[in-house]
Amino acid sequence: GAEIQLLYIFQIPMSMSEVPMPEQAYDGLRNDGQAMLDNLSHELLRRSRGKLRIHSDMEVGTVEGQIEKFCKEKEPLLVVMGATGGGLENALTGSNSVRAVRHLPYPVLVVPEGVRFQSMRYVVVACDHEDLSAGLPIATPVLQLLGNMPDIRLEVVHVLREDESATEFTLAYNHWKREMRGLQPALRFVRGGNIVEAMNE
């Protein structure tokens, strides 16, 4: 029942001589963006047999600024972005998409390049003590939506440092779980100094 908003943002290259961009070049950028939006919209409609409600929009400006402005207007449940390069480490640390939305107050699903969709069985919530103590307010609506889908298991994963005890985190987890309205996410601990390596494990 959700509506999909496709957003394409193009940035006007800054010229060292500050000469305005020729109209023909601007029109070329705009037309290329519109073609990509149209192609993606048609493909999504084809795959869903016309069941999706899809709208598209194109904005000019910085990626970070335009995404934030667009989201304030639309108030999305979830923002989906692609990340160039593969692997969890890139998705967590090196992605332009992640840097662009680091402070966006909405859940962000970053899809690494080359990943093929498979039916979901597990949803892993990686968080630290501060996130869980705050109640994961940004992520909780999406987690409740996913957790109520059949055959999907939610798992909360926390990376324990060598000097860290699991007790305090477990207390915060138990408190948060009571607020999840019937969902029973499992709790997993991984011990390691490097978060990316531990999450990969």
Below 4.5 Å, heavy atoms only, C-beta onward: do [X] and [Y] meet side chain to side chain?
{"X": "Asp57", "Y": "Phe70", "answer": "yes"}
{"X": "Trp176", "Y": "Thr140", "answer": "yes"}
{"X": "Val111", "Y": "Met81", "answer": "no"}
{"X": "Leu77", "Y": "Pro107", "answer": "no"}
{"X": "Ile67", "Y": "Ile9", "answer": "yes"}
{"X": "Gln5", "Y": "Pro76", "answer": "no"}
{"X": "Val157", "Y": "Val125", "answer": "no"}
{"X": "Phe169", "Y": "Cys127", "answer": "yes"}

**Exercise: do Gln66 and Glu68 side chains pair donor with acceptor under 3.5 Å** = no
**Prompt:** Do Asn39 and Glu43 meet the criterion of a side-chain donor-acceptor pair at a distance under 3.5 Å?
**Reply:** no
Shortest non-hydrogen separation from [X] to [Y] and the atoms involved:
{"X": "Arg53", "Y": "Ala2", "result": "NH2-C, 4.0 Å"}
{"X": "Cys71", "Y": "Tyr106", "result": "O-OH, 3.2 Å"}
{"X": "Leu154", "Y": "Leu143", "result": "CD1-O, 3.7 Å"}
{"X": "Val159", "Y": "Glu164", "result": "O-OE1, 3.8 Å"}
{"X": "Glu155", "Y": "Arg188", "result": "OE1-NE, 3.2 Å"}
{"X": "Arg191", "Y": "Arg161", "result": "NH1-O, 2.7 Å"}

Identify whether [X] and [Y] are in the same connected component of the hydrophobic contact network (ILVMFWY, side-chain heavy atoms under 4.5 Å).
{"X": "Val142", "Y": "Ile152", "answer": "yes"}
{"X": "Met58", "Y": "Val60", "answer": "yes"}
{"X": "Leu78", "Y": "Ile138", "answer": "no"}
{"X": "Leu171", "Y": "Leu160", "answer": "no"}

Over 12 non-hydrogen atoms of neighbours within 6.0 angstrom of [atom1] in [X]:
{"X": "Glu168", "atom1": "CD", "result": "no"}
{"X": "His129", "atom1": "NE2", "result": "yes"}
{"X": "Asn31", "atom1": "CG", "result": "yes"}

**Prompt:** What do the steps show when you test His158 against Asp128 for side chain to side chain contact (heavy atoms under 4.5 Å, CB included), and what is the final call?
**Reply:** CA-CA 6 Å; His158 177 64; Asp128 59 24; 4.3 Å; yes
Got a second to check how far [X]'s [atom1] is from [Y]'s [atom2], nearest 0.5 Å?
{"X": "Gln184", "Y": "Lys177", "atom1": "CD", "atom2": "NZ", "answer": "4.5 Å"}
{"X": "Ser48", "Y": "Ile54", "atom1": "OG", "atom2": "CD1", "answer": "5.5 Å"}
{"X": "Met36", "Y": "Tyr8", "atom1": "CE", "atom2": "OH", "answer": "3.5 Å"}
{"X": "Leu187", "Y": "Asn174", "atom1": "CG", "atom2": "CG", "answer": "8.0 Å"}
{"X": "Leu52", "Y": "Leu44", "atom1": "CG", "atom2": "CG", "answer": "6.5 Å"}
{"X": "Leu40", "Y": "Ser56", "atom1": "CG", "atom2": "OG", "answer": "9.0 Å"}

**Prompt:** Ignoring hydrogens and geometry, is there a side-chain-to-backbone donor-acceptor pair from Asn148 to Leu145 under 3.5 Å?
**Reply:** no
**Asked** Got a donor-acceptor contact below 3.5 angstrom from the Ser41 side chain to the Leu37 backbone?
**Response** no
**Request:** Please step through side chain to side chain contact (heavy atoms under 4.5 Å, CB included) for the pair Leu109 and Val79, ending with a clear verdict.
**Result:** CA-CA 6 Å; Leu109 173 62; Val79 177; over 6 Å; no
**Request:** Under the side chain to side chain contact (heavy atoms under 4.5 Å, CB included) rule, what do Arg121 and Arg153 come out as? Steps first, then yes or no, please.
**Result:** CA-CA 6 Å; Arg121 291 180 54 216; Arg153 289 188 57 185; over 6 Å; no
**Verdict with supporting geometry, Asp38 and Gln34, side chain to side chain donor-acceptor pair (under 3.5 Å)** = CA-CA 6 Å; Asp38 291 343; Gln34 189 61 55; 3.0 Å; yes
**Request:** May I ask you to say whether Glu73 pairs ionically with Lys69, meaning some side-chain N is under 4.0 Å from a carboxylate O?
**Result:** no
